[in-house]
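Okay, structure first, notes after.
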Amino acid sequence: MDNSKRIVVVTGFEPFGAHTINASWVAVQELKKLGLGKDVDLHVYEVPVEYQAVQSLVPSLWKQYHPQLVVHVGVSGMATTVTLEKCGRNHGYKGLDNSRFCPHSQCCIEGGPDCIDSVIDMESVCKRVTASGLGVAVSVSKDAGRYLCDFTYYTSLYLSHGRSAFVHVPPIAKPYSGEDLGRALQAIIQEMLDMLDRAEEMVHCQHVH
């Protein structure tokens, strides 16, 4: 692996329930085709819609790649915009997954905080991407839905001390194509990386003075 490259991991989900084609994985595959620029090493994964699979996969991604950023993408049947999730929540997981399982504790990390915020300022990302004239509507949410999306996000935020993001996309053609969603992800993630770079520069400047 080229050490000068920044590593970004982006995940989408397999089909579940009414989502026989999961728009999140379609969008992530479109992003993979587009890439994130020459200085970013992009890895994509399809995540099973299973709590126990998430509990083993998410830590292994952080351990294997030591990424600068992990972005999880999920589909929301209610979404009409590409939605940036500000936080993940620990409790309230009652919905059964694809293997008909749900955690007995109904929580992600026993003893973990109720809610963890991403270090990324989603409002700023939303404003900047909207101003870029992408042609895809972007919004911000504080509730990722207490299912595998929220569960994955919280687990990743907990492991990364907040260096994760979650993006909900609407189903394909309601109203955007897979290509549109891929372009939106590219713009959003590049903005997030810029933001992390600026934050690191500020920290570095403070240490220097």
Side-chain angles (χ1 to χ4, degrees), residues 8-29 31 43-79 81-120 122 125 139-171 181 185 188-189 192:
V8 176
V9 175
V10 182
T11 71
F13 284 99
E14 70 178 4
F16 70 98
H19 299 283
T20 49
I21 293 172
N22 194 319
S24 67
W25 182 234
V26 175
V28 170
Q29 288 175 299
L31 169 69
H43 300 271
V44 303
Y45 279 85
E46 186 179 25
V47 179
V49 179
E50 295 177 18
Y51 295 104
Q52 287 168 309
V54 167
Q55 282 175 324
S56 59
L57 177 65
V58 174
S60 75
L61 293 176
W62 281 100
K63 199 171 172 184
Q64 183 179 349
Y65 292 109
H66 304 289
Q68 185 177 17
L69 177 67
V70 172
V71 180
H72 302 287
V73 186
V75 66
S76 166
M78 296 177 293
T81 62
V82 173
T83 309
L84 310 177
E85 298 291 348
K86 293 174 82 155
C87 54
R89 294 178 194 274
N90 197 12
H91 301 282
Y93 295 91
K94 299 172 188 172
L96 297 178
D97 65 14
N98 274 358
S99 61
R100 313 293 300 155
F101 173 84
C102 102
H104 302 300
S105 62
Q106 294 181 1
C107 81
C108 301
I109 311 277
E110 291 191 46
D114 284 344
C115 180
I116 302 175
D117 289 322
S118 174
V119 297
I120 294 161
M122 297 302 175
V125 173
S139 64
V140 177
S141 153
K142 289 185 190 163
D143 185 356
R146 304 300 194 292
Y147 190 49
L148 266 297
C149 290
D150 212 345
F151 190 87
T152 301
Y153 194 19
Y154 182 92
T155 304
S156 202
L157 286 166
Y158 184 85
L159 291 166
S160 66
H161 306 291
R163 288 183 77 91
S164 309
F166 197 99
V167 181
H168 263 123
V169 296
L181 296 176
L185 286 181
I188 286 163
I189 296 168
M192 289 175 175

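Side chains are part of it too, since the values below use all heavy atoms of this structure and drop only hydrogens, waters and symmetry mates. We're numbering straight along the sequence, starting at 1.
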**Prompt:** So do T11 and V73 actually touch side chain to side chain, heavy atoms under 4.5 Å?
**Reply:** no
**Fill in**
In terms of heavy-atom contacts, A79 and P171 come closest through O-CD, 4.2 Å
**Message:** Using side chain to side chain contact (heavy atoms under 4.5 Å, CB included), reason through H43 and V10 one step at a time and then give a plain yes or no.
**Reply:** CA-CA 6 Å; H43 300 271; V10 182; over 6 Å; no
**Prompt:** Can you check side-chain hydrogen bond (donor to acceptor under 3.5 Å, both in side chains) on D143 and S141, steps first, answer last?
**Reply:** CA-CA 6 Å; D143 185 356; S141 153; over 6 Å; no
**Fill in**
So OG of S160 and NE2 of H66: to nearest 0.5 Å the spacing works out to 13.5 Å
**Complete:** When F151, Y158, Y153 are each screened for side-chain contact (heavy atoms from CB on, under 4.5 Å) with T155, the one that passes is F151
**Side-chain touch L84/S118, heavy atoms, less than 4.5 angstrom** = no
**Request:** To the nearest 0.5 Å, tell me how far E50 CD sits from C102 SG.
**Result:** 13.5 Å
**Request:** Verify side chain to side chain contact (heavy atoms under 4.5 Å, CB included) between H91 and Q106, making sure each step is shown before the conclusion.
**Result:** CA-CA 6 Å; H91 301 282; Q106 294 181 1; over 6 Å; no
**Prompt:** Out of S156, S164, S24, which residue meets the side chain to side chain donor-acceptor pair (under 3.5 Å) rule with H72?
**Reply:** S156
**Prompt:** Is there side-chain contact between V71 and M192, with at least one heavy-atom pair below 4.5 Å?
**Reply:** yes
**Nearest-0.5 Å distance, OG of residue S139 to CE of residue M122** = 12.0 Å
**Item:** Aromatic ring proximity, centroids under 6.0 angstrom, Y93 and Y147
**Value:** no
**Asked** Do C87 and Y154 come close enough that some side-chain heavy atom pair is under 4.5 Å?
**Response** no
**Fill in**
Of all heavy-atom pairs linking C107 and P103, the shortest is O-CB, 4.0 Å
**Message:** Run the side chain to side chain contact (heavy atoms under 4.5 Å, CB included) test on V75 and F13 for me, step by step, so that the C-alpha distance in whole Å, both residues' side-chain angles and the decisive distance to 0.1 Å come before the verdict.
**Reply:** CA-CA 8 Å; V75 66; F13 284 99; over 6 Å; no
**Message:** To the nearest 0.5 Å, what is the distance between CG on L57 and CD on E46?
**Reply:** 11.0 Å
**Asked** Does some side-chain heavy atom of L185 sit less than 4.5 Å from a side-chain heavy atom of L181?
**Response** no
**Asked** Between N98 and E14, does any side-chain donor sit less than 3.5 Å from a side-chain acceptor?
**Response** yes
**Asked** Taking the side chain from D150 and the backbone from R89, do they hold a donor-acceptor pair closer than 3.5 Å?
**Response** yes
**Message:** Would you call the rings of H19 and F16 parallel, tilted or perpendicular, taking 30° and 60° as the class edges?
**Reply:** tilted
**Message:** So which atom in G74 and which in C149 form the shortest heavy-atom distance, rounded to 0.1 Å?
**Reply:** CA-SG, 3.9 Å
**Message:** Just checking I21: does its CD1 atom have more than 12 heavy atoms from other residues, nucleotides or ligands closer to it than 6.0 angstrom?
**Reply:** no
**Message:** Go through it in stages, so that I can follow the logic: the residues are T83 and V140, the test is side chain to side chain contact (heavy atoms under 4.5 Å, CB included), and I'd like the CA-CA distance, side-chain angles, deciding distance and then a yes or no.
**Reply:** CA-CA 5 Å; T83 309; V140 177; over 6 Å; no
**Asked** Can you tell if the side chain of L69 reaches within under 4.5 Å of the side chain of I120, non-hydrogen atoms only?
**Response** yes
**Request:** Ignoring hydrogens and angles, tell me if any N or O in the side chain of R163 forms a donor-acceptor pair with the backbone of Q68 under 3.5 Å.
**Result:** yes
**Message:** Ring centroids only, cut at 6.0 angstrom: are H168 and F166 within range, meaning strictly under it?
**Reply:** yes
**Request:** Please name all residues satisfying salt bridge (charged side-chain N to carboxylate O under 4.0 Å, His left out) with D114, sequence neighbours left out, ordered by chain then number.
**Result:** none
**Request:** Taking the side chain as every heavy atom from C-beta outward, state whether V9 and Y45 have any atom pair closer than 4.5 Å.
**Result:** yes
**Message:** More than 12 heavy atoms of other residues, nucleotides or ligands under 6.0 Å from NE2 of H161: yes or no?
**Reply:** no
**Prompt:** So do V70 and V8 actually touch side chain to side chain, heavy atoms under 4.5 Å?
**Reply:** no
